[in-house]
Amino acid sequence: GEDVEQSLFLSVREGDSSVINCTYTDSSSTYLYWYKQEPGAGLQLLTYIFSNMDMKQDQRLTVLLNKKDKHLSLRIADTQTGDSAIYFCAESKGGKLIFGQGTELSVKP
Amino acid sequence: GAVVSQHPSWVICKSGTSVKIECRSLDFQATTMFWYRQFPKQSLMLMATSNEGSKATYEQGVEKDKFLINHASLTLSTLTVTSAHPEDSSFYICRGETSGGREQFFGPGTRLTVL
């Protein structure tokens with residue numbers, strides 16, 4: 001199976017919270033990342049979490065890490081239409097980044 | 001934040017021609033460059049990793065003679081798709097990383113369409 005897995009789609013209403021989930025396989029990953037990709041553009045690093053942390057908050061973004069279950073989530077509070085994009089989680093593995101398939105977030109007004 | 005640029009941002013070429021894509025780090029020294037390709041609605045697949053002044057290391061299944069990577073300086077890496085075919089049509093993205101991986105930045109990507 002894939003090293004990193006994500007659900008493919010998420011649809012929310014403007015103002016609601018969005019939670020995007022990710023599972024990874026390498027327990028030795030030092031860092032786990034969340035990226036945002038808008039149509040036709042490269043990837044923008046949103047946030048990352050060090051593997052010895054459980055949670056990291058950065059303004060509207062909250063990352064939760066459950067190392068035992070190898071589960072990572074990204075919560076976006078007060079989701080806006082401008083948050084519509086594809087979100088990728090990635091784990092660092094042997095100096096490389098391994099990406100999930102990406103979750104397409106659709107925010108409806 | 002630091003900026004990585006790619007040129008061209010999009011290119012259309014005929015089958016059999018070669019295309020060179022440039023990736024420049026504008027205000028940081030990219031000790032390592034990573035090249036990815038992304039098919040529509042799919043994830044990024046790592047093609048190769050290159051360190052400045054060294055030969056690139058290619059991922060399994062990536063033909064090194066077809067995808068030529070040069071990383072001659074800390075601010076420039078190039079990917080040349082030789083004898084391009086329609087199946088090479090994809091979105092190519094570079095990522096620059098500083099020494100020790102302290103900082104990393106993606107380029108905006110290059111859309112290649114081979115007719």
Side-chain angles (χ1 to χ4, degrees), chain A residues 1-11 20-26 28-51 58-59 61 72 74 84-106, chain B residues 1-11 21-26 28 31-51 54 56-60 62 90-113:
Chain A
E2 296 289 333
D3 289 299
V4 182
E5 292 192 354
Q6 300 177 237
S7 53
L8 296 181
F9 299 101
L10 176 64
S11 180
I20 303 171
N21 294 301
C22 171
T23 56
Y24 61 98
T25 59
D26 189 353
S28 65
S29 292
T30 310
Y31 289 95
L32 295 136
Y33 302 86
W34 283 104
Y35 292 89
K36 177 182 180 182
Q37 185 181 34
E38 296 184 358
L43 270 68
Q44 172 195 355
L45 177 64
L46 285 179
T47 187
Y48 63 91
I49 188 167
F50 191 51
S51 58
D58 184 0
Q59 298 183 338
L61 305 178
L72 181 74
L74 173 69
S84 293
I86 299 177
Y87 291 80
F88 291 93
C89 64
E91 63 173 342
S92 59
K93 192 172 180 179
K96 303 173 185 176
L97 288 182
I98 309 298
F99 291 86
Q101 311 97 307
T103 298
E104 184 173 350
L105 174 63
S106 173
Chain B
V3 176
V4 173
S5 69
Q6 282 185 239
H7 178 79
S9 55
W10 59 271
V11 56
I21 301 170
E22 291 186 350
C23 175
R24 292 182 184 273
S25 56
L26 299 183
F28 74 100
T31 309
T32 306
M33 278 289 197
F34 301 86
W35 284 94
Y36 299 84
R37 66 188 298 182
Q38 183 184 31
F39 292 106
K41 301 290 187 181
Q42 293 189 26
S43 185
L44 279 72
M45 300 302 297
L46 180 64
M47 299 174 68
T49 304
S50 72
N51 291 301
S54 302
T57 301
Y58 290 80
E59 295 299 300
Q60 192 173 6
V62 179
S90 189
F91 194 52
Y92 292 87
I93 305 174
C94 66
R95 176 171 72 93
E97 192 175 273
T98 57
S99 179
R102 288 181 177 276
E103 294 182 293
Q104 42 143 323
F105 302 97
F106 277 90
T110 296
R111 172 75 57 195
L112 170 64
T113 301

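Note that the coordinates shown come from a computational prediction; the quantities given were computed from them, not determined experimentally. Letters A, B, ... mirror the listed sequences (proteins, then strands); counts begin at 1.
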Practice prompt. Check ring-ring contact (aromatic ring centres under 6.0 Å, His included) between Phe91(B) and all other residues, then give those that pass, not counting sequence neighbours.
Written response: none
Fill in: Spacing of CD belonging to Gln37(A) relative to OG belonging to Ser43(B), to within rounding of 0.5 Å
9.0 Å
Worksheet item: Once you round to the nearest 0.5 Å, how far does CD of Gln104(B) lie from CG of Leu97(A)?
Response: 5.5 Å
Worksheet entry | Portion of Tyr35(A) that has a non-hydrogen atom of chain B nearer than 4.5 angstrom | side chain
Worksheet, complete the sentence: Under 4.5 Å to a heavy atom of chain A? For Leu44(B) that would be both
Worksheet item: Among Pro108(B), Gly109(B), Cys94(B), which residue forms the greatest number of heavy-atom pairs with chain A at distances under 4.5 Å?
Response: Pro108(B)
Response to the item:
Cut-off 4.5 Å, heavy atoms of chain B, and the answer for Tyr48(A) is neither
Practice prompt. Below 4.5 Å from any heavy atom of chain B, which atoms of Gln44(A) appear? Answer side chain, backbone, both or neither.
Written response: neither
Fill in: Residue from Phe105(B), Phe106(B), Tyr36(B) passing side-chain contact (heavy atoms from CB on, under 4.5 Å) with Leu43(A)
Phe106(B)
